[in-house]
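For reference, the structure discussed in these notes is given below.
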Amino acid sequence: MSGALQQIVLHFQQQHFQDALRLIKGLPRNIGQQGQVLHIRAVCHAQLQQLDEADKYYRKAIEAKPNSPEILVQYTDLKRTLGLLDEGLVIADSAVRRFPNDPEVWFSRALTWDIAGNAEKAISDYKKVVELRHNHAIAWSNLGQVLRKTGELEEAKKALDQSLVLRPRHPQTLAKRANVLHDMGMLEEALADQAEALRSLPNDPAVLAGYARSCQRLGQTERALVAYQEAIRLMPSDLLLHSDFNRLLWESGYKEQFLVSLDYALGKTDETRQGSLLGLKGELARLREDDDVAEEAFRQALPIASTEDRATILAGLAGVAQRRNDVETADALYREALEVQPDATKFLHSYAGFLMEQQAFQEALILLDKDVADDDLQRHLALKALACRATGDERYRYWYDYDRLTASRVITPPPKYGSLANFLEAVQVALEPAFSTQQAPLDQTLFHGLQTPGNLWDIRNPVLQELKACLLECVATFLAGVEVENDEEHPFLRRMLGKSDFSSHLKYTGAWAVKLTNQGGHIDHIHPDGWMSASHYVTVPEQMSPDEGSKAGWLRLGASGVKGLQLGPERYIKPEPGHIIMFPSYIWHGVEPIQTEEPRITTPFDVSVG
């Protein structure tokens with residue numbers, strides 16, 4: 001190696017990239033066009049963010065040195081940096097074909113698939129990496145993270161465990177495993193991993209946010225609030241952090257601090273983020289029914305909002321105008337929001353509800369006459385059913401077939417308890433610590449009562465896990481007895497076609513506990529995240545209405561949950577301790593206020609069918 005080349009390599013190794021480039025440019029042409037020099041030149045340009053030049057010299061380096069997997073990997077990395085993922089995948093495909101036994105070319109392609117959002121192909125390539133090099137700790141870590149995205153939590157944990165065997169106590173991997181453990185309901189273990197990660201990464205906002213959420217779900221409210229505050233200080237523009245923090249403040253009774261974090265963040269961020277922050281402030285204020293604060297925030301956000309945020313802000317302003325009975329303004333704002341985002345189902349649903357409040361049922365039906373994604377289906381059906389009922393459309397009764405699709409059944413307790421009463425008493429004791437908040441969540445339907453945070457089944461109490469199994473068994477038994485014939489068009493029954501044993505097909509999508517106190521009840525609502533919903537009664541006050549008179553504390557079905565639309569309940573069901581009342585998630589339901597100081601405790605839940 002010549003003296004000039006030695007100097008270039010030395011500067012490169014010392015990361016003196018400008019000096020290395022200066023010497024390269026002075027080399028004779030025959031040396032400057034050698035593969036090694038072109039490669040060094042490409043890397044230097046990349047490190048100096050001279051990305052067009054880097055691209056140019058990577059291409060030349062590949063021509064001069066075609067048998068180097070390292071250059072192909074680095075060129076793929078550059079394309080990812082530039083956001084040119086399709087071009088990066090072309091290069092990565094070529095590298096995999098030419099060097100199928102090199103784990104780094106597979107890793108480069110896996111990372112590109114990962115960033116491109118193709119989890120299936122990323123998982124396949126990460127698995128190939130660890131097959132070729134079992135001690136590739138980063139591949140194991142990334143594999144675990146992608147498996148979490150696809151919901152394969154057990155496999156994700158195994159991959160992250162393996163990465164930590166190879167790199168014990170690695171903080172980023174600990175944080176990834178904590179996220180998986182959190183999703184699995186292993187909250188104490190998640191918190192331990194997050195605490196360990198924070199020892200090395202005390203100023204990592206993502207780890208702090210995960211720690212805060214684990215503390216919150218474990219009922220460690222004060223710790224959660226402190227961690228949220230620190231995460232927001234480090235990442236003031238993060239909307240989810242602000243939303244979670246302010247909701248926790250509200251539920252914990254810290255009303256005077258509500259929305260303060262958003263005012264702080266607005267002073268710490270530039271205009272490109274302020275529109276989103278103001279939009280969130282408006283939405284949270286609107287949920288609190290503080291319409292003056294909501295309108296001011298929305299108005300401030302509108303001139304600086306992105307296109308996506310603009311539709312949300314317009315819909316928020318429409319909601320404020322609707323609550324003030326300013327019909328003309330609300331109508332115009334809802335229409336404008338849909339013009340900005342015509343395919344946004346959430347705005348369509350808000351506008352349809354507004355139209356029905358104005359008795360414009362045919363117009364609402366026209367608006368709702370479209371297919372929607374499964375995530376939006378329950379709300380879509382609930383609104384469409386109300387419009388059909390109001391107009392005498394026969395589809396309503398087909399969907400709201402109470403005799404066929406709803407039921408009240410008593411659960412079968414585990415034999416070791418000896419009686420249903422003993423089991424329910426154990427469940428009540430297990431639930432009591434879970435009521436850790438001071439008031440109901442902002443966007444919940446209950447009044448004069450409390451709701452447990454998070455997923456009830458994440459609490460690893462054996463009694464609650466036994467209850468979980470009992471409830472699912474009860475639902476499966478009911479569904480097995482529902483007759484299903486030629487119901488391909490029915491939004492609920494079509495999911496049951498071809499199934500007989502539902503125990504292997506049902507999956508919980510949510511569960512919580514509710515404690516209602518005197519005058520407590522539920523406004524009419526539906527469960528958008530379920531397919532079938534149910535309420536299980538742990539305690540029922542003895543003084544609750546025993547007859548058909550006041551129906552205090554009874555569950556009502558069918559009454560309109562759209563404000564201003566006067567369609568009354570069609571069926572009442574009297575709760576009994578140990579009973580479970582089941583119905584499709586799109587059926588409107590509510591609870592008549594109880595008239596006793598003795599609390600009523602339920603464990604509502606949603607399930608889906610595979």
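Values below: every heavy atom of this structure, side chains too, minus hydrogens, waters and symmetry copies. Along the sequence shown, the residues carry numbers beginning at 1.
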Item checked: Q439 side chain vs S252 backbone, donor-acceptor pair below 3.5 Å -> no

Item checked: Non-hydrogen atoms of N461 and A430 that approach each other most closely -> ND2-CB, 3.6 Å

Item checked: Donor on one side chain, acceptor on other, Y254 and Q438, under 3.5 Å -> no

Margin query: If we ignore hydrogens and angles and just use 3.5 Å, is the side chain of Q465 paired with the main-chain N or O of I459 as donor and acceptor?
Written below: yes

Item checked: Stepwise side chain to side chain donor-acceptor pair (under 3.5 Å) test for T445 and H522 -> CA-CA 5 Å; T445 63; H522 286 266; 3.0 Å; yes

Check: With the threshold set at 4.0 Å, does a side-chain nitrogen-carboxylate oxygen contact exist between D524 and R556?
Finding: yes

Check: Within the side chain of Q274, is there an N or O that forms a donor-acceptor pair under 3.5 Å with the backbone of T269?
Finding: yes

Next item on the list: Output yes when E196 and R199 qualify as a salt bridge under the 4.0 Å nitrogen-oxygen rule, no when they do not.
Entry: yes

Item checked: side chain to side chain contact (heavy atoms under 4.5 Å, CB included) between S585 and I526, worked out -> CA-CA 6 Å; S585 297; I526 57 104; over 6 Å; no

Notebook entry, point to check: Looking at OG of S560 and CD of E357, how far apart are the two atoms once the value is rounded to the nearest 0.5 Å?
Noted result: 9.5 Å

Notebook entry, point to check: Pick one: which of D290, N246, V293 meets side chain to side chain contact (heavy atoms under 4.5 Å, CB included) with F258?
Noted result: N246

Item checked: Residues D292, R324; criterion salt bridge (Lys or Arg N to Asp or Glu O under 4.0 Å); working and verdict -> CA-CA 11 Å; D292 290 340; R324 289 172 172 168; 2.8 Å; yes

Next item on the list: Identify whether the distance between the nearest side-chain nitrogen and carboxylate oxygen of R247 and D443 falls below 4.0 Å.
Entry: yes

Next item on the list: May I ask you to check whether T312 and D309 show a side-chain donor-acceptor distance below 3.5 Å?
Entry: no

Item checked: Exam field: side chain R148 to backbone A156, donor-acceptor pair closer than 3.5 Å -> no

Item checked: H242 versus S261, side-chain donor and acceptor atoms under 3.5 Å -> yes

Checklist line | Parallel, tilted or perpendicular, as decided by the 30° and 60° cut-offs, for the rings of H589 and H525 | finding: tilted

Check: Between the side chains of E152 and T150, is a donor N or O closer than 3.5 angstrom to an acceptor N or O?
Finding: yes

Check: So, the side chain of R273 versus the backbone of S237: is there a donor-acceptor pair under 3.5 Å, distance only?
Finding: yes

Notebook entry, point to check: Do K384 and H349 have side-chain heavy atoms sitting under 4.5 Å apart?
Noted result: no

Check: Hey, is E296 close enough to R299 for a salt bridge, meaning N to O under 4.0 Å?
Finding: no

Next item on the list: For I304 and G275, work out which heavy atoms get closest and say how close.
Entry: CD1-N, 3.7 Å

Margin query: Can you give me the closest heavy-atom contact between N518 and I594, atom names plus distance?
Written below: OD1-O, 3.6 Å

Check: Roughly how far, to the nearest 0.5 Å, is CD of Q378 from CZ of F492?
Finding: 9.0 Å

Next item on the list: Please step through side chain to side chain contact (heavy atoms under 4.5 Å, CB included) for the pair L516 and H448, ending with a clear verdict.
Entry: CA-CA 6 Å; L516 294 182; H448 294 292; over 6 Å; no

Check: If every non-hydrogen atom of L471 is compared with every non-hydrogen atom of Y508, which pair is closest and at what distance?
Finding: CB-OH, 3.5 Å

Item checked: Polar side-chain atom of T81 near backbone of D77 as donor-acceptor pair, under 3.5 Å -> yes

Next item on the list: Mind running side chain to side chain contact (heavy atoms under 4.5 Å, CB included) on L160 and S141 for me, showing each step along the way?
Entry: CA-CA 5 Å; L160 291 161; S141 180; 4.1 Å; yes

Check: With a 4.5 Å heavy-atom cut-off, do L386 and W588 have their side chains touching?
Finding: yes

Check: Any salt bridge between R286 and D291, counting N to O under 4.0 Å?
Finding: no

Check: Are any of the side-chain heavy atoms of W531 and L377 separated by less than 4.5 Å?
Finding: no

Checklist line | Electrostatic pair K346-D376, nearest N-O below 4.0 angstrom | finding: no

Notebook entry, point to check: Tell me, do T307 and V340 make a side-chain contact under 4.5 Å, heavy atoms counted?
Noted result: yes

Checklist line | Separation of K468 NZ from H536 NE2 (nearest 0.5 Å) | finding: 15.5 Å

Notebook entry, point to check: Are side-chain N/O atoms of T509 and D529 paired as donor and acceptor at under 3.5 Å?
Noted result: no

Check: Among side-chain atoms of S214 and Q194, is any donor-acceptor pair under 3.5 angstrom?
Finding: yes

Next item on the list: State whether K121 and D125 are salt-bridged, where the test is any N-O pair (Lys NZ or Arg NE/NH1/NH2 against Asp/Glu carboxylate O) under 4.0 Å.
Entry: no

Check: Just wondering, are more than 12 heavy atoms of other shown residues or ligands nearer than 6.0 Å to CD in E308?
Finding: no

Notebook entry, point to check: Rounded to the nearest 0.5 Å, what separation is found between the CG atom of L143 and the NZ atom of K176?
Noted result: 10.0 Å

Next item on the list: Answer yes or no: does atom CD of E256 have more than 12 heavy-atom neighbours from other residues, nucleotides or ligands under 6.0 Å?
Entry: yes

Note to self: Surrounding CD of E189 (heavy atoms of other residues, nucleotides or ligands, distance under 6.0 Å), is the total greater than 12?
What the structure shows: yes

Next item on the list: Indicate yes or no: at least one non-hydrogen side-chain atom of L431 is less than 4.5 angstrom from one of K515.
Entry: no

Note to self: Quick one, F583 and M532 - any side-chain contact, counting heavy atoms below 4.5 Å?
What the structure shows: no

Notebook entry, point to check: In this structure, are over 12 heavy atoms from other groups packed under 6.0 Å from D263 atom CG?
Noted result: yes

Notebook entry, point to check: Is the number of heavy atoms from other residues, nucleotides or ligands under 6.0 Å of R223 CZ greater than 12?
Noted result: no

Check: Side chains of H527 and S533: do they bring a donor and an acceptor to under 3.5 Å?
Finding: yes

Checklist line | Separation between CD of E155 and NZ of K127, rounded to the nearest 0.5 Å | finding: 6.5 Å

Next item on the list: State, with a plain yes or no, whether a side-chain heavy atom of L166 is found less than 4.5 Å away from one of W140.
Entry: yes

Check: Hey, mind stepping through E120 and K149 against salt bridge (Lys or Arg N to Asp or Glu O under 4.0 Å) and telling me if it holds?
Finding: CA-CA 10 Å; E120 182 181 355; K149 293 177 184 176; over 6 Å; no

Notebook entry, point to check: Do you know the tightest heavy-atom contact between M582 and C474?
Noted result: SD-O, 4.3 Å

Check: Under 4.5 Å between any side-chain heavy atoms of E251 and L442, yes or no?
Finding: no

Next item on the list: Using the side chain to side chain contact (heavy atoms under 4.5 Å, CB included) rule, take L355 and D331 through it: C-alpha gap first, then chi angles, then the decisive distance, then the call.
Entry: CA-CA 8 Å; L355 289 172; D331 186 83; 4.3 Å; yes

Margin query: What's the separation between atom CD1 in I601 and atom OG1 in T452, rounded to the nearest 0.5 Å?
Written below: 11.0 Å

Item checked: Heavy-atom pair of closest approach, residues A190 and H182 -> CB-N, 3.7 Å

Note to self: Closer than 4.0 angstrom, basic N to acidic O: yes or no for D161 and K158?
What the structure shows: no

Check: Should we say atom CZ of R169 is surrounded by more than 12 heavy atoms from elsewhere, each under 6.0 Å from it?
Finding: no

